Amino acid sequence: MGADRKQKIKEMRSSCISEYHDWPALDRWFYVNIGFLFTRLFVRTRITPNQITALWGMMMIVSSLLFLFESKWLHVLGAVGWILAYSLDSTDGQVARYKKIFSKRGVFLDDVNHSISWFLLPFCIGFGQYLSSGEILNAVFGTIAGMSMLLLGMVTYLYILTGPNPDKNASAEITESALKKKRRHALIRSISPFTFVNLFIVILIAASLDLMVFLTGMQNLIFTDGLFWMTSFLSMLIFACATVYLTGLIARIVKLYRKFEPRRTDIE
């Protein structure tokens, strides 16, 4: 009986997570495997993939809002909630493949969730740091990071709709063409702390460090006026995110703009 159960689990894994082989390492070995634990539970129920998508979307919103509060414990909880929510982001697809339930509604709901959360998470972190410290630049950089992250995805979709090759491979072409060598690109995506999947772990580390500083009473020793508006590790992180994502947004707009062949009317 034990051997049969292991075989069924192995077959379920094969059918559910076979499409993740080219994803970043943290996705494949961490989030997808956590998601598979939920998949084993949900396939025994009548819960649909779209309901799972709605669930992790709500988890991302609630987890983001926790950063608006001053409590360091809630910041850690919010970071953990985001990790679980992103793990569930793979669960809906796994359940859909296992039950063979597919719909465009699910794809639409998935995109809506990401569009909201991409902006909400950095904005809430920055605005929460402003509320607790009074330093307005935290809110400014949180807004810049959130808008840049949101627009990074939007300009890609705009290119797919209006670009010279609006085919099914256009999105993959855009994301992989940043570097000619795909293996090198995949390596950078895996190790960069600003890759979206890696960022959740970095946020958890920053929130945990802030909690440790608070519990040990070293806040005034570590964060002084010499650090300007950066009054916590989370505020330092949100400044870095604003810088990196804004730079990435500008670079992507320029890169995609250059992909269009100039016409006579464009240069006159």
Side-chain angles (χ1 to χ4, degrees), residues 23-38 52-53 55-92 113-133 135 138-139 141-150 152 189-216 218-219 222-223 229-245:
W23 285 34
L26 194 63
D27 251 327
R28 289 183 285 112
W29 301 112
F30 184 67
Y31 294 110
V32 171
N33 283 306
I34 293 177
F36 183 69
L37 296 177
F38 290 106
I52 298 173
T53 305
L55 172 62
W56 63 255
M58 289 301 300
M59 287 181 63
M60 287 182 176
I61 292 174
V62 172
S63 298
S64 297
L65 294 177
L66 291 179
F67 286 98
L68 292 175
F69 298 92
E70 191 171 353
S71 172
K72 311 298 183 184
W73 292 100
L74 289 181
H75 297 169
V76 173
L77 181 60
V80 173
W82 253 94
I83 290 173
L84 291 177
Y86 191 78
S87 299
L88 282 170
D89 188 5
S90 67
T91 298
D92 54 10
N113 285 347
H114 283 302
S115 297
I116 294 173
S117 59
W118 283 345
F119 171 77
L120 192 61
L121 175 60
F123 172 78
C124 286
I125 294 176
F127 198 77
Q129 293 301 304
Y130 159 66
L131 292 177
S132 62
S133 68
E135 297 290 344
N138 284 309
F141 287 120
T143 303
I144 291 174
M147 289 301 299
S148 298
M149 192 180 295
L150 176 62
L152 272 167
R189 288 176 60 198
S190 296
I191 64 177
S192 170
F194 298 103
T195 302
F196 204 53
V197 296
N198 297 344
L199 183 61
F200 311 139
I201 303 297
V202 179
I203 291 174
L204 177 59
I205 293 173
S208 299
L209 289 173
D210 283 340
L211 177 61
M212 186 183 305
V213 169
F214 172 74
L215 293 176
T216 56
M218 299 178 65
Q219 183 79 18
I222 295 178
F223 297 102
W229 68 91
M230 292 182 283
T231 55
S232 68
F233 286 102
L234 279 176
S235 63
M236 294 171 65
L237 176 60
I238 209 63
F239 167 68
C241 287
T243 303
V244 170
Y245 289 128

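Here the structure is a predicted model, which means the values were calculated and not measured.
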Worksheet item: Would you find a donor on one side and an acceptor on the other, under 3.5 Å apart, between the side chain of S148 and the backbone of A145?
Response: no
Worksheet item: Of the non-hydrogen atoms in I238 and P122, which two are nearest, and what is the gap between them?
Response: CD1-O, 3.4 Å
Worksheet item: Has the side chain of Y245 got a donor or acceptor atom that lies under 3.5 Å from a matching backbone atom of M147?
Response: no
Practice prompt. Give a yes or no answer on whether the side chain of S90 reaches the backbone of Y86 with a donor-acceptor pair at less than 3.5 Å.
Written response: no
Item to complete: Check whether any side-chain N or O of H75 sits under 3.5 Å from a backbone N or O of F69 as a donor-acceptor pair, and report yes or no.
Response: yes
Item to complete: May I ask you to test the W82-S117 pair for a side-chain heavy-atom distance under 4.5 Å?
Response: yes
Worksheet item: Is the closest side-chain heavy-atom distance between N138 and F239 below 4.5 Å?
Response: no
Discussion item. Do D89 and H114 have side chains that approach each other closer than 4.5 Å (heavy atoms only, starting at C-beta)?
Written reply: yes
Worksheet entry | C241 versus L199, closest heavy-atom pair with distance | SG-CD1, 3.8 Å
Item to complete: Evaluate side-chain contact (heavy atoms from CB on, under 4.5 Å) for L121 paired with I203, printing each intermediate quantity in order.
Response: CA-CA 10 Å; L121 175 60; I203 291 174; 3.7 Å; yes
Discussion item. If you define the side chain from C-beta out and look only at heavy atoms, does anything of W73 sit under 4.5 Å from L215?
Written reply: yes
Worksheet item: If only atom types and distance count, is the side chain of D210 paired as donor or acceptor with the main-chain N or O of L234 below 3.5 Å?
Response: yes
Worksheet item: Is there side-chain contact between E135 and T231, with at least one heavy-atom pair below 4.5 Å?
Response: yes
Discussion item. Measuring from atom CG of L55 to atom CG of L88, what distance do you get when rounded to the nearest 0.5 angstrom?
Written reply: 5.5 Å
Practice prompt. Could you tell me which residues satisfy side-chain hydrogen bond (donor to acceptor under 3.5 Å, both in side chains) with T53, sequence neighbours excluded, listed by chain and number?
Written response: D92
Worksheet item: For atom OH of Y130, is the number of surrounding heavy atoms from other residues, nucleotides or ligands below 6.0 Å larger than 12?
Response: no
Discussion item. For the CD1 atom of I125 and the CZ atom of F67, what is their distance to the nearest 0.5 Å?
Written reply: 4.5 Å
Discussion item. Once rounded to the nearest 0.5 Å, what's the spacing between atom CZ of F127 and atom OG of S64?
Written reply: 14.5 Å
Practice prompt. Hey, could you give me the CE/CD1 distance between M149 and I144, rounded to the nearest 0.5 Å?
Written response: 13.0 Å
Response to the item:
Value for CG (L209) from NZ (K72), rounded to nearest 0.5 Å, stands at 11.5 Å
Worksheet entry | Side-chain heavy atoms of F194 within contact of N198, under 4.5 Å | no
Worksheet item: To the nearest 0.5 Å, how far apart are CD1 in I61 and CH2 in W56?
Response: 10.0 Å
Item to complete: With side-chain contact (heavy atoms from CB on, under 4.5 Å) as the test, would you mind laying out the steps for F30 and I201 before giving the verdict?
Response: CA-CA 11 Å; F30 184 67; I201 303 297; 4.0 Å; yes
Worksheet, complete the sentence: Closest non-hydrogen contact found for S63 with G78 is CB-O, 3.4 Å
Practice prompt. Output, in order, the C-alpha distance, side-chain angles, deciding distance and verdict of side-chain contact (heavy atoms from CB on, under 4.5 Å) for V202 and F233.
Written response: CA-CA 10 Å; V202 179; F233 286 102; over 6 Å; no
